Amino acid sequence: MPEIQAIELVKEPGIGFAKRTSLLIGSRLLKLFVQLIILYYYSRNLSYDEYGIYQSVWLYINVISVISLFGLPSLLLSSSNRDIKKWIKDNKKIFLPAALLCNLIPILYILVGTEYYSSSDRALIIALTIIQNVTIILETIAIKNIKEKQVFIANIIFNAGYLVSHILVLKKGYSLSLLLSWLLVVFFLKILLFLPFRANEVHATDHKADTGKQWFFLGLFDVVSVLYKWLDKWVILIFISVSQFAVYLNGAYEIPVFALLASAVGNIMVVELSRQNFTDPVKVKSLFMSSAIFLASVVFPSFCFLLFYHREIFILLFSSKYEAAIPVFLISIFVIPVRITNFTTALQVYNRNDLVLKGAVLDILLAIILMVILYPFLKLPGLALAFVLSTYFQSAYYLWHTSLLLKKNISYFFPFRKLLLMMLISLIIAGIAYYLLSLLAYPYNIIGGAGICVALITVFLWHYFSQHPRVISG
């Protein structure tokens with residue numbers, strides 16, 4: 001009987017895993033679709049300065065949001081609600097000043113450290129950041145309570161309002177203040193949609209971890225990670241110009257679907273490992289195998305399509321107005337193949353967030369060093385290459401420490417050979433298709449290439465689900 005139970009536990013991640021993750025992926029893809037529509041219209045209709053200021057708003061909001069939340073969403077997913085509440089209650093003298101500090105410093109920076117906004121715009125940015133933080137917490141609680149279907153429905157309504165707000169403001173005559181005001185209403189609506197979900201206790205973890213210590217590591221990791229993500233753009237915005245920031249931002253634009261996919265998968269992986277209180281190497285292996293093959297089925301063909309059609313895709317999205325950023329875009333897409341799993345999952349669940357933090361710090365330090373080395377030779381593309389190389393280093397760092405933690409070789413839980421084969425197949429098919437379809441006129445060559453990409457994704461996913469037949473029925 002114990003052997004049968006073990007087999008079922010190993011199979012379950014590959015089964016319910018894809019089903020639950022698909023709903024979160026659907027939410028992320030919907031968000032991506034809306035963002036691409038907005039980028040398409042705003043990059044064409046706004047001036048360089050207007051577009052740069054608009055994008056800078058999201059730079060500040062995203063950075064400030066992560067600093068003010070300081071790892072709380074990640075902690076909610078990986079730790080017991082009971083432990084979190086108990087720690088806050090027992091450490092009020094530490095928690096309250098720390099929370100106040102994390103929120104006041106970013107607000108003060110917006111008030112005195114930004115020069116592109118009016119006083120009303122600054123107030124709206126602060127208000128939008130606060131209300132977005134509330135929605136992030138509520139959505140995390142819903143995911144933790146296995147409410148992915150409700151999350152999907154709520155995000156459909158929210159993204160519809162988000163898109164309509166942007167389009168109507170553009171048609172009425174673009175105004176940043178008006179746009180931010182409308183978005184506040186849309187975010188408030190999202191809060192109302194998530195309020196019915198109670199923060200039930202679904203975790204069964206027995207880890208005797210120091211909640212405060214783990215929270216501290218998670219918070220620092222999130223802050224370092226978001227600073228890493230925006231560092232190169234921030235440097236350009238502060239030291240060069242807002243118009244150059246707009247150009248570089250479009251070039252360094254990593255099509256977010258892949259990071260969003262990895263994020264959705266990571267959320268499910270953390271919840272599964274935490275709530276089942278089952279973190280032996282067999283479980284971790286099953287989750288890593290499932291996530292890597294599942295996401296690679298989508299990511300690898302998509303990467304190859306973008307690699308061969310990068311110029312056409314970039315101009316289609318941003319127009320020839322931003323053509324100077326194409327070399328940056330080409331280099332930036334090489335980070336996509338890494339987006340096939342959440343490499344920190346096992347470390348989080350085993351409460352080794354100190355290693356997660358060290359990896360993030362090493363990542364940003366390496367990126368800075370590489371930026372200094374590469375920029376004199378490659379200029380702006382060198383900045384993009386620095387971040388691509390440091391991302392690969394960070395992924396290898398987390399895999400290495402996971403293998404040490406589990407006392408297994410990396411190849412035990414990560415399917416390198418199968419992934420390499422999938423990448424080679426994707427490159428060969430995409431390359432042959434690109435050569436043959438180059439005889440067709442634009443845009444039929446891109447449409448044909450996209451069709452081949454979709455077909456290859458379908459074949460890979462069919463193979464994945466054929467290995468997990470209960471996914472379909474369950």
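Keep in mind that what you see is a predicted model, and the values were worked out from it rather than measured. In what follows, every heavy atom counts, from backbone to side chain, and hydrogens, waters and symmetry copies are set aside.
Considering only heavy atoms from C-beta on, Ile336 stays 4.5 Å or farther from Ser302 through its side chain. The shortest side-chain heavy-atom distance between Phe387 and Leu370 does not fall under the 4.5 Å cut-off. The side-chain heavy atoms of Ile141 and Phe194, taken from C-beta on, include no pair separated by under 4.5 Å. With a 4.5 Å cut-off on side-chain heavy atoms, Ile64 and Ile107 do not count as touching. No side-chain heavy atom of Leu389 sits less than 4.5 Å from a side-chain heavy atom of Phe393. The shortest distance between side-chain heavy atoms of Cys453 and Ile457 falls below 4.5 Å. Put simply, the side chain of Leu419 reaches to within 4.5 Å of the side chain of Phe414, judged on heavy atoms.
Contact record, Tyr398 with Ala360: OH-N, 3.2 Å, taken as the closest heavy-atom pair. The two atoms that bring Ile126 and Leu111 nearest to each other are CD1-CD2, 3.8 Å, heavy atoms only. Across every non-hydrogen atom of Trp182 and Ser165, the tightest pair is CE3-CA, 3.8 Å. Contact detail for Leu128 and Phe187: the closest heavy-atom pair is CD1-CD1, 3.5 Å. Nearest heavy atom pair, residue Thr391 against residue Arg339, reads CG2-NH1, 4.3 Å. For Leu176 against Tyr174, the heavy-atom pair with the smallest separation is CD1-OH, 3.5 Å.
A distance of 10.0 Å separates CD1 of Ile368 from CG of Asp363, quoted to the nearest 0.5 Å. Atoms OG and CG, on Ser332 and Leu306 in that order, are 11.5 Å from each other to the nearest 0.5 Å. Rounded to the nearest 0.5 angstrom, Phe343 CZ and Thr402 OG1 are separated by 9.5 Å. Taking CD1 of Ile37 as the reference point, atom CD1 of Ile167 lies at 7.0 Å (rounded to 0.5 Å). Ile293 CD1 to Leu461 CG: the interatomic distance, rounded to the nearest 0.5 Å, is 11.5 Å. Atoms CG and OG1, from Asn155 and Thr135 in turn, are 9.0 Å apart once rounded to the nearest 0.5 Å.
Listed for the Arg352 side chain is no donor-acceptor partner under 3.5 Å among the backbone atoms of Thr344. Looking at Tyr162, its side chain never comes within 3.5 Å of a backbone N or O of Leu183 through a donor-acceptor pair. The backbone N or O of Phe70 sits less than 3.5 Å from a side-chain atom of Trp215, completing a donor-acceptor pair.
Between Phe288 and Tyr412, the distance from one ring center to the other does not fall under 6.0 angstrom.
Ion pair Lys85/Asp83 not flagged as a salt bridge, since none of the NZ, NE, NH1 or NH2 atoms sits closer than 4.0 Å to an Asp/Glu carboxylate oxygen.
Relative orientation of the Phe314 and Phe329 rings is tilted, given thresholds of 30° and 60° on the angle between their planes.
Summarising the local packing, OH of Tyr48 is surrounded by more than 12 heavy atoms from other residues, nucleotides or ligands at distances under 6.0 Å. Within a 6.0 Å radius of CZ in Phe416, more than 12 heavy atoms belonging to other residues, nucleotides or ligands are found. Atom OH of Tyr109 sits in a crowded spot, with more than 12 heavy atoms from other residues, nucleotides or ligands closer than 6.0 Å. Counting heavy atoms of neighbouring residues, nucleotides and ligands inside a 6.0 Å radius, atom OH of Tyr40 does not exceed 12 of them.
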Atom pairs and distances, donor-acceptor, side-chain atoms in residues 53-63, under 3.5 Å, two or more places apart:
unit_1: Tyr54; atom_1: OH; unit_2: Trp58; atom_2: NE1; d: 3.4
unit_1: Tyr54; atom_1: OH; unit_2: His166; atom_2: NE2; d: 2.9
unit_1: Gln55; atom_1: NE2; unit_2: Tyr51; atom_2: OH; d: 3.1
unit_1: Ser56; atom_1: OG; unit_2: Ile53; atom_2: O; d: 2.6
unit_1: Ser56; atom_1: OG; unit_2: Tyr117; atom_2: OH; d: 2.6
unit_1: Asn62; atom_1: ND2; unit_2: Trp58; atom_2: O; d: 2.9

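Partners of Val134 by side-chain contact (heavy atoms from CB on, under 4.5 Å), not counting sequence neighbours, listed by chain and number: Leu138, Ile191.
If you check the side chains of Ser177 and Ser175, you find no donor sitting under 3.5 Å from an acceptor.
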